[in-house]
2 protein chains.
Amino acid sequence: MNDRVTLRDVAREAGVHASTASRALNPETRGVVSETTVHRVLEAARRLSYRPHAVARGLRTNRTMTVGMVVPDLENPLFPPIVRGVEAELGGAGYSILVGNTDNDAERLRTMVASLLAHQVDGLILATAAAHDDLVDELVERRVALVLVNRFAEDVPTSAVVGDDRAGIELAVAHIASLGHRVVGHVAGPGVLSTGRVRAKTFLEAAIRHRLDVDPGLVEEAGWFQVEPGRHACLALLDRRPDMTAVVAANDLLALGCYAAAAQRGRHVPQDLSVTGYNDMPFVDLMEPALTTICVPYREMGHVAGVSLLELMRRNPDLPSPPAETIRLTPSLTVRASTAPPRS
Amino acid sequence: MNDRVTLRDVAREAGVHASTASRALNPETRGVVSETTVHRVLEAARRLSYRPHAVARGLRTNRTMTVGMVVPDLENPLFPPIVRGVEAELGGAGYSILVGNTDNDAERLRTMVASLLAHQVDGLILATAAAHDDLVDELVERRVALVLVNRFAEDVPTSAVVGDDRAGIELAVAHIASLGHRVVGHVAGPGVLSTGRVRAKTFLEAAIRHRLDVDPGLVEEAGWFQVEPGRHACLALLDRRPDMTAVVAANDLLALGCYAAAAQRGRHVPQDLSVTGYNDMPFVDLMEPALTTICVPYREMGHVAGVSLLELMRRNPDLPSPPAETIRLTPSLTVRASTAPPRS
DNA sequence: CGACGTGCCGCAATCGATTGTAGCGGCGAC
DNA sequence: GTCGCCGCTACAATCGATTGCGGCACGTCG
């Protein structure tokens with residue numbers, strides 16, 4: 001069992017002291033060791049197939065080359081691309097990623113973050129932050145290198161990478177308006193989530209700007225970002241305003257709920273009702289009809305978050321306050337088959 | 001910055017030696033410390049809000065309470081449920097999960113595993129193993145606690161948790177046969193993947209057993225588990241055997257390719273062509289028509305893999321050879337709208 | 001010829017927690 | 001009365017790598 005090759009073994013094999021071997025192995029400090037010695041050490045390490053012991057290194061250097069990432073639900077297709085982007089960026093820089101799944105449970109989030117910090121992660125990426133979150137406060141207080149992704153905290157200055165929801169909804173409304181629609185509904189997401197609120201608010205603003213029919217009855221909030229609530233909400237809209245010719249949904253699943261509602265009321269998408277989604281989830285291009293939706297660059301979001309975190313970790317932690325910028329990634333519109341000019 | 005509270009601080013606060021504090025804090029060894037001392041130490045730890053230093057502990061105990069998990073592609077909807085299952089199971093036991101994404105790149109896989117081992121993970125779960133894999137050999141050789149998931153290695157004895165592909169295909173063929181189909185095609189997955197091969201082989205066996213028309217022309221291999229290759233393969237089948245009334249696809253994406261192919265040849269699913277998929281990916285129930293498919297319990301796969309790994313890690317590594325069992329989870333058939341009796 | 005600098009390397013401390021062993025006081029048994 | 005044991009705690013080694021500091025040898029310059 002004790003076949004582990006340590007630095008001392010390498011040093012002995014190379015006929016030098018362990019400290020010298022350490023310096024020879026580390027590109028940073030390699031300069032202070034003579035070239036021939038470096039060569040001898042490298043050779044010895046290769047012969048013994050030496051593998052550095054990251055834990056021991058971490059204890060001494062206080063840097064573990066690991067970062068923690070917490071998401072609410074990995075099975076929500078939103079998050080895998082983000083994780084992947086983060087992983088690609090940080091993995092390239094030599095970091096490994098510890099991931100956790102909270103199931104939207106604040107308690108699990110706390111224990112998870114505690115565990116990650118106990119493991120001495122060098123940084124943290126949270127995709128779980130609520131708008132006001134004591135945990136985030138605390139982490140900032142403790143000067144943990146922290147980046148929020150997809151959501152952001154409103155009170156505390158933190159680096160965050162999010163999609164520009166305002167721009168996205170604006171794109172959707174502009175598209176619908178340009179097709180000639182005037183009576184346009186909005187199936188809103190739950191008001192407890194920042195995404196739900198921001199998109200609803202922006203919808204109203206954009207509706208005004210595009211001179212659509214502005215009527216509180218044309219907005220219906222779905223209780224959750226799922227198909228079934230979306231169907232219900234859309235039914236309510238259709239029944240209140242039978243003259244409605246288009247719906248901007250706050251999310252793809254809600255949009256698919258609108259498909260169901262339209263079918264239920266005997267209306268065809270897009271001839272009788274245009275529908276737009278949000279997120280461009282996988283496979284919505286294979287739906288019947290293929291969904292016109294807002295494409296958010298989630299993968300890039302992960303990349304950018306990774307870059308930000310690298311930046312933060314590089315910075316000396318007890319130097320001037322960090323800039324804490326919120327980066328908004330601009331989404332794009334993907335027009336497919338679920339939108340068309342109104343029939344009349 | 002050096003506000004970290006160490007065990008010695010707690011010990012000093014409680015008026016005992018660090019070793020005593022350590023024993024008092026650890027439930028395992030708490031028995032050897034007097035009750036009053038335990039209380040004093042716990043109290044002191046609470047007052048100072050002491051957080052154990054997992055890295056230091058790991059160095060001493062050789063157990064980091066972390067496990068590595070490597071998947072080929074997190075964006076493939078197959079894998080998130082598995083990761084989640086693993087995370088739930090091992091997280092409950094106090095472990096954290098280091099995840100890596102290989103993009104199906106063998107080289108990345110190697111460096112990733114090397115990195116994980118350098119971080120002294122206590123165990124490893126691989127969802128990336130090819131049928132014959134030197135890496136797996138090497139890991140077994142080095143007595144790493146290892147569980148394969150979703151795929152398995154054929155030559156080396158390793159614990160593995162997989163779906164029972166034979167049972168799944170059998171279910172699909174039985175369903176199709178019971179509807180009365182006799183001329184049934186198979187869009188096979190790539191032969192380089194064990195899943196592709198096994199499913200194709202089983203399809204033939206099941207076809208014989210159910211007295212279907214057995215004709216090599218009724219099997220067409222798709223180059224990759226994607227929609228487009230599926231479409232091509234299905235077109236080939238339709239053109240070779242216009243009398244074909246049903247297709248068993250080796251995968252949901254291939255099945256969606258079959259939808260496209262059928263549409264292209266002016267045939268309606270399911271009236272003119274029944275189609276079954278495999279995996280029950282998210283949202284295939286929302287397709288038009290909703291896909292009849294084989295549901296594989298991926299989340300449970302993760303759970304079981306986690307349990308197996310816990311078992312392996314508990315075991316003393318240099319004791320008798322491990323059992324190395326392959327656990328097959330039985331899939332189920334979900335009948336939706338893409339299958340129907342043949343028209344004639 | 002001696003002082004000093006420079007290039008390389010070894011020594012030992014250190015990171016924070018765990019653990020084998022030794023020590024210490026008190027009690028019971030012979 | 002003494003020995004041994006028991007319950008509890010302290011000491012110190014240890015895990016493996018990193019790093020400040022000091023020292024040695026050699027070369028250069030005054």
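All values below were derived from every heavy atom in this structure, side-chain atoms included, with hydrogens, water molecules and symmetry-related copies excluded. Residue numbering restarts at 1 for every chain, and letters A, B, ... go by the order of the sequence lines.
Contact between the side-chain N/O atoms of A/His17 and the OP1/OP2 oxygens of C/dC9 is not found at any separation under 4.0 Å. Between A/Thr61 and D/dT18 there is no side-chain N or O to OP1 or OP2 distance below 4.0 Å. At D/dA10, one or more side-chain N or O atoms of B/Thr20 fall inside 4.0 Å of OP1 or OP2 (strictly under the cut-off).
Atom P of nucleotide D/dT19 and atom CZ of A/Arg30 are separated by 15 Å, given to the nearest angstrom. If you take CZ of A/Arg8 and P of C/dC11, they are 10 Å apart, rounded to a whole angstrom. Nucleotide D/dA17 holds its P atom 18 Å from the CD atom of A/Glu28, rounded to whole Å. A straight line from NE2 of B/His119 to P of D/dG16 spans 17 Å, rounded to a whole angstrom. Rounded to a whole Å, the CZ atom of A/Arg23 is 11 Å from the P atom of D/dT18. Distance B/Leu25 CG to C/dG16 C1': 13 Å, rounded to the nearest Å. Residue B/Tyr50 contributes atom OH, which lies 6 Å from atom P of C/dT18 at whole-angstrom precision. Atom P of nucleotide D/dA17 and atom CG of B/Asn62 are separated by 12 Å, given to the nearest angstrom.
At the heavy-atom level, A/Ser19 lies under 4.0 Å from base atoms of the strands shown. Looking at heavy-atom distances under 4.0 Å, B/Thr6 makes contact with sugar-phosphate atoms alone, never a base. At the heavy-atom level, B/Thr37 lies under 4.0 Å from the strands shown only through sugar-phosphate atoms. A/Val55 comes within contact range of no nucleotide atom at all, as no heavy-atom separation falls under 4.0 Å.
Remark: side-chain polar atoms of A/Asp122 are paired, donor with acceptor, to backbone N or O of A/Met65 under 3.5 angstrom. In terms of modelled atom types and a separation under 3.5 Å, the side chain of B/His53 and the main chain of B/Ala56 share a donor-acceptor contact. For the pair B/Arg57 (side chain) and B/Pro52 (backbone), a donor-acceptor distance under 3.5 Å is absent. Side chain of A/Thr111 to backbone of A/Arg108: a donor-acceptor contact under 3.5 angstrom is found. In this structure, B/Asn101 contributes its side chain and B/Leu74 its backbone to a donor-acceptor pair below 3.5 Å. The closest donor-acceptor contact from the side chain of A/His17 to the backbone of A/Ser19 lies under 3.5 Å.
Closest contact between the side chain of A/Leu7 and the listed nucleotides D/dA17, D/dT9, D/dA10 involves D/dA17. Side-chain proximity of B/Leu59 to the nucleotides C/dG16, D/dT9, D/dT18 is greatest for C/dG16.
Where B/Ala56 and B/Gly31 each meet DNA chain D at their nearest nucleotide, the meeting point lying more 5' is that of B/Gly31. A residue-by-residue look at A/His53 and B/Ser34 shows that B/Ser34 has its nearest nucleotide of DNA chain D further toward the 5' end. Checking A/Val38 against B/Ala18, the closest nucleotide of DNA chain C that is more toward the 5' end is the one next to A/Val38.
One cannot find a donor-acceptor pair under 3.5 Å joining the base of D/dT18 and the side-chain atoms of A/Arg57.
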